Visitor: 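Sharing a structure below in C-alpha cells format, with a few things to ask.
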Amino acid sequence: MWDADFLRHIDSGYILDFRYLQTITVYEDFVVLCQELEKFEKGDRMLETEKLFYQDSHLSEFEAEVLACEKKEGKEGLFQIVLDRTAFFPEGGGQPADTGFLNQVAIQDAKEKNGVIYHISTEPIAVGTKVKGKLDFEKRFDRMQNHTGEHIVSGLVHQQFGYENVGFHLGTDVTMDFNGELTKEDLLIIEKKANEAVIKNIKVQTEFPNKDILASMDYRSKIELNGDVRIVTIPEYDCCACCAPHVLYTGEIGMIKLLGGQRYKGGTRVTMVCGFRALADYNQKSEQILSISVLLSSKQTDVFSATAHIKEELDSCKVKLSLLKQQMFAIKVSQLEENQPFICMFEPDLNGNEIRMLVNLGMEKTDGICVVLSGKEDGEYQFVAGSRTKDVRGFGKEFQDAFQGRGGGKAEMVQGSVKGTREMIESWILHKAAIN
C-alpha cells in the first residue's frame, strides 16, 4: 500500500500533489502504479479538481494554486487554466458555467473533463501562481434560485401527473419540457404548491450515495448515469440526480412564477421565473400596466376592459374605412374609359386586399391587363396584375425580372413586389401595353 506522503515525495513536479485528493487509490500491482506515475509525469493525466461548490454553494471567493495553463485547442486567443481547487461551477445539468475572475484575469467559461475543471480566459496565468478567485455571485445565485425552483416544479408535475421533465434550459429564459399536456388550470395548481414549498423553507439535501444505496433510491434522472451520482433531495417534493449547485433552503428561492405553457413535441413547454427574476418580471409588467392605464385614462385594474373597448371601436372604424375605400375605388374606376387595352394605376398606402379590390374593379374596364401598384416613390412597390381574358403569369415574370421583383400567382391574377421609380415602372408598363 502506498500512502500519499510517499507518492508526493517521489514526484518531482506539482502534478502528483496528492494532498488535493479526497480519496487515495491503492495500487496492488507495482507495474501498474509505475505506469500511472509515468502518465502524471508526462502530463497525460491530471488530478481531479477539488470542487468547492459542493462543499459550499454560497462560496463566492476562494484561494487556489495554478496547476496548469495552456492554449485552448482550436480556439485562437483563449487559454484554459487548471487549479487545485475551485468554486467555479462548469456547465452541467442544464445550468451554465460560472463567470468571474482569477486575480485580475476574467474567466468567461468553465468546462469539466475527467474530473478536471478548466477555467477559460483570454489571458494566461503562470503555473504555480497563487490566485484569488471571485465569482459573479449575483449571476450564480440567480441560477441557483431558478434551478432549485425547477426541481420543485418538476417534482410536483411528476407527483401529480406522472410526467417526466425531458428538457431544461436555464438561460435568458427558464423553460422546462414535460412529456405530457398540462392545462392552464394544472399550472396554477402546480404554481401554488411550489410556492408553498418555498414558504416551508425546507433544507435542500445533497449527497453522493454508494451504489447499493443508490440502487434502492427512487429518483428522477433524464439519462442513465455512470460513476458517482449526486442526488439533490427536497423532502416531500423532489429527489433528482443533479450535478449543479443549489440554494441551501427553499426559502432562498423566493417567488416561483409559471409564466405559461405551450404545446411542444407532444408535451408541454413551461416558462418560469423565480426569485429576483420574478421580481424583475413583475416590476417590468407593472410599469407597462401603469403606462397603459395613463394612456387610456383608466385604473390599472381596468386596463383590459378599456383596451377591449378601444379595440371594438378600432374594428368598427376599419369596417367603415373599408366601405369608404370601396366607394372611392368604384368612383375612380367609373371615370375610366371603357374597353381600354391596358390599365395602370398608382395608389398610395393600400394594403394587399385593397390593391386586389381595385384590380378586380379595374378588370371590368379592360380586355387586357389591369395593374395596380402601391408604395413609396423611388422605393419598393407592391403590385397586383389581373385580367378577365389573358394569362398574366408571363407579364408578371417579365415585370419582376425587369425590376428586381418577386411574387407569383395564377393565370388570372399575379401579385408581388418590384423596385424602381414610378417613372421607370410606368414607362415600362406603357411600352408593354403598346407592343401588345
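Only a predicted model underlies this, so the values are computations on that prediction, with no experimental measurement involved.
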Visitor: Given the rule in the side-chain contact (heavy atoms from CB on, under 4.5 Å) test, do H147 and E150 qualify, once you have shown the distances and angles that lead to the verdict?
Guide: CA-CA 5 Å; H147 199 159; E150 176 269 323; 3.4 Å; yes
Visitor: How about H58: does its NE2 atom have over 12 heavy atoms from other parts shown lying under 6.0 Å from it?
Guide: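 Yes.
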Visitor: Using side-chain hydrogen bond (donor to acceptor under 3.5 Å, both in side chains), reason through H246 and S57 one step at a time and then give a plain yes or no.
Guide: CA-CA 6 Å; H246 287 265; S57 64; over 6 Å; no
Visitor: I'd like to know whether Q145 forms a side-chain hydrogen bond (donor to acceptor under 3.5 Å, both in side chains) with E252, so could you lay out the CA-CA distance, the side-chain angles of the two residues, the decisive distance to 0.1 Å, and finally the verdict.
Guide: CA-CA 7 Å; Q145 284 184 311; E252 295 178 66; over 6 Å; no
Visitor: For Y54 together with F208, are the ring centres under 6.0 Å from each other?
Guide: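 For F208 and Y54, the ring centres are under 6.0 Å apart.
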Visitor: Any chance you could measure Q400, atom CD, to S417, atom OG, to the nearest 0.5 Å?
Guide: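 If we round to the nearest 0.5 Å, Q400:CD and S417:OG are 7.5 Å apart.
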Visitor: Quick one: are T206 and R230 in side-chain contact, heavy atoms under 4.5 Å?
Guide: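 They are in contact (side-chain heavy atoms under 4.5 Å apart), so the answer is yes.
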Visitor: Taking side chain as C-beta onward, heavy atoms only, is D98 less than 4.5 Å from K139?
Guide: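 Not touching, per the 4.5 Å side-chain cut-off.
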Visitor: Any luck finding a side-chain donor-acceptor pair between T183 and D186 under 3.5 Å?
Guide: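 Yes, because at least one side-chain N or O of T183 sits under 3.5 Å from a partner of the opposite role on D186.
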Visitor: Run I425 and V418 through side-chain contact (heavy atoms from CB on, under 4.5 Å) and show every step you take.
Guide: CA-CA 9 Å; I425 293 172; V418 290; 4.0 Å; yes
Visitor: Quick check on the 6.0 Å ring-centre criterion: do F178 and F161 meet it?
Guide: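 No: the rings miss the under 6.0 Å criterion.
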Visitor: Looking at N283, I want to see if its CG is surrounded by more than 12 non-hydrogen atoms of other residues, nucleotides or ligands under 6.0 Å.
Guide: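 It does: N283 CG has more than 12 such atoms within range.
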Visitor: Hey, mind stepping through V204 and T250 against side-chain contact (heavy atoms from CB on, under 4.5 Å) and telling me if it holds?
Guide: CA-CA 7 Å; V204 179; T250 59; 4.3 Å; yes
Visitor: Counting only heavy atoms not in M357 (residues, nucleotides, ligands), do more than 12 fall under 6.0 Å from its CE?
Guide: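 Above 12, so yes.
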Visitor: Is the shortest distance from a Lys or Arg side-chain nitrogen in R277 or D281 to a carboxylate oxygen in the other one below 4.0 Å?
Guide: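 No, no charged N to carboxylate O under 4.0 Å.
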Visitor: In sequence, state the C-alpha distance, the side-chain angles, and the governing distance for D136 and R140, and then conclude on salt bridge (charged side-chain N to carboxylate O under 4.0 Å, His left out).
Guide: CA-CA 6 Å; D136 180 347; R140 155 74 83 79; over 6 Å; no
Visitor: How about I190 and Q160: do any of their side-chain heavy atoms sit closer than 4.5 Å?
Guide: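 In contact.
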Visitor: Just say parallel, tilted or perpendicular for the rings of F383 and F399, cut-offs at 30° and 60°.
Guide: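 Correct class here is perpendicular.
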Visitor: Rounded to the nearest 0.5 Å, what's the gap from CE on M217 to OG1 on T233? Could you check?
Guide: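 Going from the CE atom of M217 to the OG1 atom of T233 covers 5.0 Å.
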Visitor: Taking C-beta and beyond as the side chain, do V153 and M176 meet within less than 4.5 Å on heavy atoms?
Guide: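 In contact.
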Visitor: Could you check whether atom CG of N210 has more than 12 heavy atoms from other residues, nucleotides or ligands sitting under 6.0 Å from it?
Guide: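 Correct, the count exceeds 12.
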Visitor: If you measure from SG on C317 to CD1 on I310, what distance do you get to the nearest 0.5 Å?
Guide: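 CD1 of I310 is found 11.5 Å from SG of C317.
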Visitor: Taking atom NZ of K134 as the centre, report whether more than 12 heavy atoms of other residues, nucleotides or ligands fall under 6.0 Å from it.
Guide: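 No, NZ of K134 has 12 or fewer neighbouring heavy atoms, counting only those of other groups under 6.0 Å.
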Visitor: Quick one: do E63 and K132 make a salt bridge, cutoff under 4.0 Å?
Guide: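 No, no charged N to carboxylate O under 4.0 Å.
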Visitor: Ring centroid separation for H119 and F79, is it under 6.0 angstrom?
Guide: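 No.
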Visitor: Do Q108 and S121 come within less than 4.5 Å of each other through their side chains, counting heavy atoms only?
Guide: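 A side-chain contact is absent here, since even the closest heavy-atom pair is not under 4.5 Å.
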Visitor: Do Q55 and E50 have a side chain donor and acceptor closer than 3.5 Å?
Guide: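 Yes.
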Visitor: What do you reckon, is NZ of K72 surrounded by more than 12 foreign heavy atoms closer than 6.0 Å?
Guide: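 Yes.
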Visitor: Answer whether the closest heavy-atom distance between the side chains of L214 and I231 falls below 4.5 Å.
Guide: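 Side-chain contact under 4.5 Å: yes.
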Visitor: Got a sec: does the CD of Q159 have more than 12 other heavy atoms crowding it under 6.0 Å?
Guide: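 Yes, because the 6.0 Å sphere around CD of Q159 holds more than 12 heavy atoms from other groups.
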Visitor: For the side-chain contact (heavy atoms from CB on, under 4.5 Å) test, which of L102, I81, D109 pairs with F88?
Guide: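 Among L102, I81, D109, the one meeting side-chain contact (heavy atoms from CB on, under 4.5 Å) with F88 is L102.
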Visitor: Tell me whether K203 forms a cation-pi arrangement with Y249, defined as NZ or CZ under 6.0 Å from the six-membered ring centre and within 45 degrees of its axis.
Guide: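 The answer is yes, since K203 meets both limits relative to Y249.
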Visitor: Enter the distance from K200:NZ to I234:CD1 here, rounded to the nearest 0.5 Å.
Guide: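 Between K200 NZ and I234 CD1, I get 12.0 Å after rounding to 0.5 Å.
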Visitor: Side chains of R263 and E181, heavy atoms from C-beta outward: is any pair under 4.5 Å?
Guide: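 They are in contact (side-chain heavy atoms under 4.5 Å apart), so the answer is yes.
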Visitor: Measuring only between side-chain heavy atoms, which start at C-beta, is L135 closer than 4.5 Å to E61?
Guide: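 L135 vs E61: side chains apart.
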Visitor: Hey, does the side chain of N360 reach the backbone of R356 with a donor-acceptor pair shorter than 3.5 angstrom?
Guide: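 Pair found, side chain donor or acceptor close to backbone of R356.
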Visitor: Got a sec: does the CD of E313 have more than 12 other heavy atoms crowding it under 6.0 Å?
Guide: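 More than 12 within 6.0 Å, yes.
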Visitor: Output yes when a side-chain donor or acceptor of S374 lies under 3.5 Å from a complementary backbone atom of L350, and no otherwise.
Guide: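 Judged by distance alone, yes, a pair lies under 3.5 Å.
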Visitor: Apply the test side-chain hydrogen bond (donor to acceptor under 3.5 Å, both in side chains) to residues Q415 and Q382: give CA-CA distance (whole Å), side-chain angles for both, the deciding distance (0.1 Å), then the verdict.
Guide: CA-CA 8 Å; Q415 62 185 14; Q382 303 297 315; over 6 Å; no
Visitor: State the CD-CG distance between E123 and N103, to the nearest 0.5 angstrom.
Guide: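 Here the interatomic distance stands at 10.5 Å.
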Visitor: Walk me through it: do K397 and R393 pass the test side-chain contact (heavy atoms from CB on, under 4.5 Å)?
Guide: CA-CA 6 Å; K397 186 178 186 310; R393 288 175 293 188; over 6 Å; no
